[in-house]
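Before any comments, here is the structure.
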Amino acid sequence: MNIAVIGVGYVGLVSGACFAKIGHNVICVDNDKSKISKLSQGIIPIFEPGLSEIVSDAIEEKKISFTDNLKSALDICDVVFIAVGTPQDEDGSADLSFVLQVAKSIAENSASPKLIITKSTVPAGTGKMISDLVLRTNPKIKFSIASNPEFLREGCAIDDFMNPDRIVAGISDEKSKEIFEEIYKKFPAEKLIFTDVITAELIKYASNSFLATKISFINEMADLCETVGGNIKDLSKSMGLDSRIGNKFLNPGPGFGGSCFPKDIMAIINVAKKNNVNLSLISSVIDSNKNRKIKMVQKISDILGGKIEGKKIALLGLAFKANTDDIRYSPAISIAQTLLEKGAVIFATDEEAIENAKLELKAFDNISFFTDFYEATKDADLILIVTEWGAYSQMDLDKVKKVTNCRKILDLRNILDAKKVVNNGFEYHFIGGKTGSN
Ligand code: UDX
């Protein structure tokens, strides 16, 4: 099947590459000429494990190509995925201008029938909006609208695509159902869930809101454990063993970040508000996650004797989670900003996100960056772990002791073995339990 994917951002590129891998002929379209030229040579603009190999193989096998010419792609593809960005507008709603611009261009440039599928995360009702716009722009065009939201996680996106829990297809007619069955024929049929378009659009927002709620819930339980005495690791494990709850997304931490959760929960609240529906639970998740970062800074201050100014902090981790170079809404960046504003001196490190963080924090001169995380700890008063990179969880404590005199560790991801850390002579602070043991 010939498939056009419009937008080679994160979702578009991963989806396009994976469609090619499962045997389709894919044309990726973007109006960023330099991106297209790089991609045509197999140069990938983002860090995502495994993606580069898939794109290179697909280029070699001529299963994928990249162009800035939408019309040339539409001439040979009957299925068009819209995968452009839906950034957050000033009022928190999703900015649909890129999606609608692409829909209009599809209408203007299509000479044959099209199935137009949104992969971008779009608010409920966008399918109808696109449909009206396409009809207004080109009343002669034969087309159907569908929604196929993406549930990829950064860092494991290829595996998420190839082994999905479910594939949601929001459709408006029987013919679209057949096309979806053809697109996803390599996957077990029961994975394909058909709904109407508006429900499919809502499923994505509802899923992300639920996961964000789960994280905020466990973060607040961690606070309770710390205060009344209790251990979040045991609590989380036991809760997760209840099959009705499940053990995923129950790891406490510095708060959720990334390009999806913070943006999507604002967007769903916005849709609800516009329709006079009160999503009070999701609203409180936003507050809880905002307070989380303030709480983390308070924790740091307490450990440093109530004073942040002039304190030297080795900051391990800048990405919003491990296995990505993405710093969007990263709690590490937000915590770093507050610490820097309060006069701390930060020695920062990350496995992939240093260049992005340098740009983001360029206004500050009290931060320096280290590629070797041991080096970052050298003159520190506190070693602060904010991102759960495997390299940090496996840190060689003997080496740390040789490099630095610092003996204080605050682990905001609970990735270290408390006993080992304490037995090595460190003061160990973590989330949701008594200092020194977990
Ligand atoms: C998320 C959704 O999981 C994915 O389905 C959707 O397509 C895009 O948004 P992603 O943003 O890549 O994916 O990251 P995810 O792994 O879901 O983590 C989001 C945030 O939650 C991160 O900041 C992470 O550190 C945090 N998190 C996650 C926790 O704090 N605790 C957990 O137990 C899990």
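What you see is a predicted model; the values in this text were computed from it and never measured. Order of listing sets the numbers, starting from 1, for every ligand and every atom in it.
- The atoms of ligand 1 that sit less than 4.0 Å from any heavy atom of Glu150 are 7 (O).
- Annotation: cation-pi pair Lys408/Phe426 absent, no NZ/CZ under 6.0 Å from the ring centroid and within 45° of its normal.
- Residue Thr126 forms a side-chain contact (heavy atoms from CB on, under 4.5 Å) with just one option from Leu96, Val197, Val271, and that option is Leu96.
- Distance from atom 1 (C) of ligand 1 to its nearest protein heavy atom, with residue and atom name: Phe261 CE2, 3.5 Å.
- Arg153 CG, 3.2 Å is the protein heavy atom nearest to atom 3 (O) of ligand 1.
- Put simply, the side chain of Glu48 gets close to the backbone of Gly155: a donor and an acceptor are under 3.5 Å apart.
- Polar contact check, Ile215 against ligand 1: no nitrogen or oxygen pair lies under 3.5 Å apart.
- Summarising the contacts of atom 8 (C) of ligand 1 with Gly257, Ser259, Gly253, Cys260, the nearest heavy atom is found in Cys260.
- Using modelled atom types, one finds a donor on one side chain and an acceptor on the other under 3.5 Å when comparing Asn25 with Lys63.
- The protein heavy-atom contact nearest to atom 5 (O) of ligand 1 is Phe151 O, 2.8 Å.
- Only the side chain of Asn208 comes within 4.0 Å of ligand 1, counting heavy atoms alone; its backbone N, CA, C and O stay farther away.
- Nearest protein heavy-atom contact of atom 6 (C) of ligand 1 is Leu152 O, 3.3 Å.
- With hydrogens left out, the protein atom closest to atom 22 (C) of ligand 1 is Phe320 CD1, 3.6 Å, a heavy atom.
- Between Phe261 and Phe256, the ring planes lie perpendicular to each other; the angle is over 60°, past the 30° to 60° tilted range.
- Seen from the ring of Tyr374, Lys399 counts as a face-on cation partner, given the 6.0 Å and 45° thresholds.
- One side chain, Glu220 or Ser288, offers a donor N or O that lies under 3.5 Å from an acceptor on the other.
- The contact set between ligand 1 and Lys321, taken as ligand atoms under 4.0 Å from a residue heavy atom, comprises 10 (P), 12 (O), 14 (O), 15 (P), 16 (O), 25 (O).
- A side-chain N or O of Asp302 and one of Gln298 form a donor-acceptor pair less than 3.5 Å apart.
- Heavy-atom contacts of Arg413 reach the following atoms of ligand 1: 25 (O), 30 (O) (cutoff under 4.0 Å).
- Residue contact check: Lys204 has heavy atoms under 4.0 Å from atoms 6 (C), 7 (O) of ligand 1.
- Within the 3.5 Å criterion, the main-chain N or O of Asp91 finds no donor-acceptor partner in the side chain of Asp89.
- Close approach to Glu154 involves these atoms of ligand 1, each under 4.0 Å from a residue heavy atom: 12 (O).
- In this structure, Arg166 forms a cation-pi arrangement with Phe151, its terminal cationic atom sitting closer than 6.0 Å to the ring centre and no more than 45° off the ring axis.
- Ranking the protein heavy atoms by distance from atom 17 (O) of ligand 1 puts Phe249 CZ, 3.3 Å first.
- The nearest protein atom to atom 33 (O) of ligand 1, hydrogens excluded, is given as Asn251 N, 2.9 Å; this is a heavy-atom distance.
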